[in-house]
Amino acid sequence: MIVLSQNVVIPDSEIELSAIRAQGAGGQHVNKNATAIHLRFDIAASSLPEFYKARLLAASHHLITAEGVVIIKSQEHRSQELNREAALQRLANMIRELTTPEKKRRPTRPTRASKERRLEGKARRSGTKALRGKIR
(Lines give C-alpha, C1' and ligand atoms only; values in the text may rest on other atoms or scores of the structure.)
Protein backbone atom coordinates (compact mmCIF):
# COMPACT_ATOMS: atom_id res chain seq x y z
CA MET A 1 0.00 0.00 0.00
CA ILE A 2 1.38 3.40 -1.03
CA VAL A 3 0.29 6.42 0.99
CA LEU A 4 0.39 9.55 -1.16
CA SER A 5 -1.39 11.89 1.24
CA GLN A 6 -3.80 11.70 4.16
CA ASN A 7 -6.73 11.01 1.84
CA VAL A 8 -5.09 9.24 -1.11
CA VAL A 9 -3.85 5.65 -0.86
CA ILE A 10 -2.97 3.14 -3.58
CA PRO A 11 -3.75 -0.44 -2.50
CA ASP A 12 -1.29 -3.20 -3.41
CA SER A 13 -3.93 -4.96 -5.51
CA GLU A 14 -3.80 -2.17 -8.13
CA ILE A 15 -0.03 -2.49 -8.63
CA GLU A 16 1.26 -5.39 -10.71
CA LEU A 17 4.81 -6.41 -9.82
CA SER A 18 6.76 -9.10 -11.65
CA ALA A 19 10.34 -10.24 -11.20
CA ILE A 20 12.52 -10.37 -14.31
CA ARG A 21 16.18 -10.93 -15.00
CA ALA A 22 18.30 -7.81 -14.84
CA GLN A 23 20.17 -6.55 -17.88
CA GLY A 24 23.82 -5.84 -18.22
CA ALA A 25 27.09 -7.45 -17.38
CA GLY A 26 27.31 -9.74 -14.42
CA GLY A 27 28.28 -13.21 -13.43
CA GLN A 28 26.34 -16.26 -12.44
CA HIS A 29 24.11 -14.25 -10.10
CA VAL A 30 22.57 -12.03 -12.79
CA ASN A 31 22.13 -14.97 -15.18
CA LYS A 32 20.36 -17.21 -12.66
CA ASN A 33 18.22 -14.94 -10.50
CA ALA A 34 15.31 -12.66 -11.38
CA THR A 35 16.24 -9.67 -9.24
CA ALA A 36 14.88 -6.82 -11.39
CA ILE A 37 11.30 -5.66 -10.86
CA HIS A 38 8.82 -4.70 -13.57
CA LEU A 39 6.00 -2.53 -12.13
CA ARG A 40 2.76 -1.82 -14.01
CA PHE A 41 0.07 0.55 -12.75
CA ASP A 42 -3.11 1.28 -14.74
CA ILE A 43 -4.14 4.88 -14.01
CA ALA A 44 -7.66 4.66 -15.43
CA ALA A 45 -8.55 1.47 -13.52
CA SER A 46 -7.11 2.72 -10.22
CA SER A 47 -8.93 4.07 -7.19
CA LEU A 48 -7.19 7.45 -7.40
CA PRO A 49 -9.39 10.57 -7.25
CA GLU A 50 -10.52 11.98 -10.60
CA PHE A 51 -8.26 15.03 -10.17
CA TYR A 52 -5.22 12.75 -9.87
CA LYS A 53 -6.26 10.60 -12.84
CA ALA A 54 -6.84 13.64 -15.06
CA ARG A 55 -3.47 15.19 -14.17
CA LEU A 56 -1.58 11.92 -14.70
CA LEU A 57 -3.27 11.07 -18.01
CA ALA A 58 -2.71 14.61 -19.32
CA ALA A 59 0.98 14.59 -18.39
CA SER A 60 3.53 13.70 -21.05
CA HIS A 61 5.90 11.59 -18.97
CA HIS A 62 8.23 8.96 -20.40
CA LEU A 63 7.01 6.33 -17.91
CA ILE A 64 3.32 6.69 -18.88
CA THR A 65 2.19 4.90 -22.05
CA ALA A 66 -0.46 6.17 -24.46
CA GLU A 67 -2.95 3.75 -22.87
CA GLY A 68 -2.41 5.34 -19.44
CA VAL A 69 -0.29 2.59 -17.89
CA VAL A 70 2.74 3.48 -15.80
CA ILE A 71 5.65 1.11 -16.47
CA ILE A 72 8.68 1.22 -14.17
CA LYS A 73 11.67 -1.11 -14.36
CA SER A 74 13.94 -1.19 -11.33
CA GLN A 75 17.26 -3.05 -11.49
CA GLU A 76 19.75 -0.85 -9.66
CA HIS A 77 20.06 -3.14 -6.62
CA ARG A 78 21.28 -6.72 -6.37
CA SER A 79 18.32 -7.88 -4.29
CA GLN A 80 14.75 -8.25 -5.48
CA GLU A 81 13.31 -6.72 -2.30
CA LEU A 82 15.36 -3.52 -2.64
CA ASN A 83 14.36 -3.23 -6.30
CA ARG A 84 10.68 -3.68 -5.33
CA GLU A 85 10.94 -0.88 -2.76
CA ALA A 86 12.78 1.35 -5.26
CA ALA A 87 10.10 0.80 -7.93
CA LEU A 88 7.26 1.60 -5.50
CA GLN A 89 9.12 4.71 -4.30
CA ARG A 90 9.62 5.88 -7.90
CA LEU A 91 5.89 5.41 -8.58
CA ALA A 92 4.91 7.40 -5.48
CA ASN A 93 7.39 10.19 -6.28
CA MET A 94 6.18 10.42 -9.88
CA ILE A 95 2.52 10.65 -8.84
CA ARG A 96 3.29 13.31 -6.20
CA GLU A 97 5.38 15.30 -8.69
CA LEU A 98 2.76 15.27 -11.45
CA THR A 99 -0.24 16.01 -9.21
CA THR A 100 1.08 18.96 -7.21
CA PRO A 101 -0.62 22.13 -8.44
CA GLU A 102 1.71 24.69 -9.96
CA LYS A 103 2.01 28.09 -8.37
CA LYS A 104 0.17 30.80 -10.22
CA ARG A 105 2.50 33.39 -11.73
CA ARG A 106 2.10 36.89 -10.42
CA PRO A 107 3.00 39.42 -13.10
CA THR A 108 5.73 41.85 -12.05
CA ARG A 109 6.98 45.13 -13.46
CA PRO A 110 10.59 46.24 -13.79
CA THR A 111 11.78 48.84 -11.28
CA ARG A 112 12.73 52.36 -12.31
CA ALA A 113 16.40 51.70 -11.45
CA SER A 114 16.50 48.57 -13.65
CA LYS A 115 15.00 50.54 -16.56
CA GLU A 116 17.63 53.27 -16.10
CA ARG A 117 20.46 50.70 -15.96
CA ARG A 118 19.20 49.12 -19.16
CA LEU A 119 19.04 52.47 -20.97
CA GLU A 120 22.52 53.48 -19.72
CA GLY A 121 23.93 50.19 -21.02
CA LYS A 122 22.25 50.74 -24.39
CA ALA A 123 23.68 54.24 -24.62
CA ARG A 124 27.17 52.99 -23.72
CA ARG A 125 27.04 50.25 -26.37
CA SER A 126 25.69 52.71 -28.91
CA GLY A 127 28.60 55.09 -28.23
CA THR A 128 31.14 52.26 -28.52
CA LYS A 129 29.73 51.15 -31.85
CA ALA A 130 29.59 54.72 -33.17
CA LEU A 131 33.35 55.03 -32.57
CA ARG A 132 33.98 51.98 -34.77
CA GLY A 133 32.83 53.75 -37.94
CA LYS A 134 34.96 55.48 -40.56
CA ILE A 135 36.55 58.78 -39.65
CA ARG A 136 35.31 61.64 -41.81
If every non-hydrogen atom of S74 is compared with every non-hydrogen atom of A87, which pair is closest and at what distance? CB-CB, 3.8 Å
Indicate yes or no: at least one non-hydrogen side-chain atom of T99 is less than 4.5 angstrom from one of V8. no
Expected output: side-chain T128 to main-chain R124 donor-acceptor under 3.5 Å: yes
Output for pair (Q89 CD, E85 CD), nearest 0.5 Å, gives 9.0 Å
Does the side chain of F41 reach to within under 4.5 Å of the side chain of L48, using non-hydrogen atoms? yes
Considering only NZ, NE, NH1 and NH2 on the basic side and carboxylate oxygens on the acidic side, decide whether E102 and R55 come within less than 4.0 Å. yes
Shared hydrophobic cluster for F51 and L91 (ILVMFWY, side-chain gaps under 4.5 Å): yes
Determine yes or no for a side-chain-to-main-chain donor-acceptor pair under 3.5 angstrom, with Q80 supplying the side chain and A34 the backbone. yes
To the nearest 0.5 angstrom, please state how far the CD1 atom of I15 sits from the CG atom of D42. 12.0 Å
Looking only at non-hydrogen atoms, find the nearest pair between I37 and A19 and report the distance. CD1-CA, 4.3 Å
In terms of side-chain geometry, is the basic nitrogen of E120 or R117 positioned less than 4.0 Å from the acidic oxygen of its partner? no
Is there a path of hydrophobic side-chain contacts, each under 4.5 Å between heavy atoms of I, L, V, M, F, W or Y residues, that connects I95 with V69? no
With rounding to the nearest 0.5 angstrom, report the CG to CG distance, L39 to L63. 10.0 Å
Would you say I64 and L98 make side-chain contact, with heavy atoms under 4.5 Å? yes
Any donor-acceptor N/O pair, H77 side chain to S79 backbone, under 3.5 Å: no
So, for I71 and H38, which heavy atoms are closest and what is the spacing to 0.1 Å? CG2-NE2, 3.6 Å
To the closest 0.5 Å, what do you measure between CG (L17) and CG (L88)? 5.5 Å
Do the side chains of M94 and L57 join up, straight or via other hydrophobic residues, at under 4.5 Å, putting them in one cluster? yes
4.5 Å side-chain heavy-atom contact, K115 and R112: no
Heavy-atom side-chain proximity of T35 to Q75 below 4.5 angstrom: no
Which heavy atom in K53 sits nearest to a heavy atom in A44, and how many Å separate them? NZ-O, 3.3 Å
Return yes when atom CZ of R78 has more than 12 non-hydrogen atoms of other residues, nucleotides or ligands closer than 6.0 Å, and no otherwise. no
Assess the residue pair K73 and Q23 against the criterion (side-chain contact (heavy atoms from CB on, under 4.5 Å)); give the C-alpha distance rounded to whole Å, side-chain angles, the decisive distance to 0.1 Å, and a yes or no. CA-CA 11 Å; K73 183 179 180 184; Q23 289 178 313; 3.4 Å; yes
